[in-house]
Amino acid sequence: MLPVDWLRPFEGLWAAERRLAPSTTWRIGGPAELWLEPTSPEQLAALVAEFWRRGIHWRILGGGSNLLVPDSGVRGAVVSLRRMQRIDIDGDRLVAEAGAPLHHVVHRAQQAGLSGVECLAGIPGHVGGAVFGNAGGRYGDIGSRVERIDVVGARGEREEILLPAGSGFFAYRASLIGDRIVVRARLRLSTGEPAAIRGETLRIIRERRSSQPGWVGNAGCVFKNPPGHSAGRLIDLSRLKGTRVGGIFVSPIHANFFENAGGGKAEDVARLVDVVQQRVQREHGVDLEMEVRRWA
Ligand code: EPU
């Protein structure tokens, strides 16, 4: 057990041995040895500095939508961003804390008559993870709009990353954030007609709903699209839709989603990942790389 007496200032904001399954969209995962919910980037930075001094291993949990947590849970601290959801509009800039859900960002921009994040409509997840993994889809990604990121480093030090357009900081489902924590991002948007922004947002949501399963019980796309291919299409062509291991099966709606039938385990996901990778490699000669992050 961790020495938790130093956590008194976090009264009501921490718990020991808290189950992680309810905090992931797959609804999978054992307990975190220590669970913490800082309420601001400043508090988060202080916490990370404390972890550094005490040699405590920590991880960040954002929306839990692109994450596989082991059935046995994880040792050390898990820092939830769910109390860091502030969004501010400043002219044509939108500033969001890392725990803000993407659908709140899309909605606030739309209300303010700002265009540029419609492409994020219907994507589960929060700002921090979206910036880290450059979330997006066919109509664009978040990276193209990010002009400043406030991060916290491994010793709790704060840093501001300024990103002029075309800085090369983002690539397909990737960024140069590394092991720093995104605590806040400022997005450069453009003014538009609210009705038009709303129309485009609804169109993208409808399109996504017709070709993908809902938000709960899966983790979004499991694999990255290999260059020049669609992972979903390759898995589908390999006749794997519906293939099941334990409580987890390849979605019949979109083959790059694995759904939890209820009671699915992280181990089932890992085995199904192997089955799919091997079959796609055998039939198409393509290696599928996971997009979902796995905690060890
Ligand atoms: N396809 C199939 N069978 C399937 C799934 C897809 O034949 O089971 C075909 C489709 O018919 C289409 C092609 O494959 O011709 C591409 O499919 P889709 O338009 O659904 O796009 P995708 O490449 O599979 C990407 C992102 C999604 C994002 C969508 C829509 C990746 C790994 N996936 O999917 O992002 O929502 O475009 O913009 O980049 C995610 O990253 O978690 C995610 C869901």
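Computed from heavy atoms alone, side chains included, the values below leave out hydrogens, waters and symmetry copies. Whatever order the structure lists them in is the order used to number ligands and atoms, beginning at 1.
At a threshold of 4.5 Å between non-hydrogen side-chain atoms, the residues Leu36 and Leu7 count as touching.
Using a cutoff of 4.0 Å between basic side-chain nitrogens and carboxylate oxygens, Glu147 and Arg186 are scored as salt-bridged. Comment: Glu118 does not engage Arg203 in a salt bridge, judged by the lack of any side-chain N to carboxylate O separation of less than 4.0 angstrom. Salt-bridge check for Arg19 with Glu33: failed, with every basic side-chain N at 4.0 Å or more from each acidic carboxylate O.
The side chain to side chain donor-acceptor pair (under 3.5 Å) pairs that include a residue from residues 123-133 number zero, where partners must be two or more places apart or lie in different chains.
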Anything under 3.5 Å between an N or O on ligand 1 and a protein N or O? List each pair with its distance, or write none.
unit_1, atom_1, unit_2, atom_2, d
ligand 1, 3 (N), Asp236, OD2, 2.8
ligand 1, 8 (O), Lys241, NZ, 3.3
ligand 1, 8 (O), Ala255, N, 2.8
ligand 1, 14 (O), Ser230, OG, 3.2
ligand 1, 19 (O), Arg138, NH2, 2.4
ligand 1, 20 (O), His254, NE2, 2.9
ligand 1, 23 (O), Asn225, ND2, 2.7
ligand 1, 24 (O), His254, NE2, 3.0
ligand 1, 35 (O), Arg173, NH2, 3.1
ligand 1, 36 (O), Arg208, NE, 3.2
ligand 1, 36 (O), Gln212, NE2, 2.8
ligand 1, 38 (O), Arg138, N, 2.7
ligand 1, 39 (O), Tyr172, OH, 2.6
ligand 1, 39 (O), Arg173, NH2, 3.0
ligand 1, 41 (O), Arg173, NE, 3.2
ligand 1, 41 (O), Arg173, NH2, 3.0
ligand 1, 41 (O), Glu291, OE1, 3.2
ligand 1, 41 (O), Glu291, OE2, 2.8
ligand 1, 42 (O), Cys221, N, 2.8
ligand 1, 42 (O), Glu291, OE2, 3.2

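Under the 3.5 Å distance criterion, with hydrogens and angles disregarded, no donor-acceptor pair is assigned to the side chains of Gln277 and Asp287.
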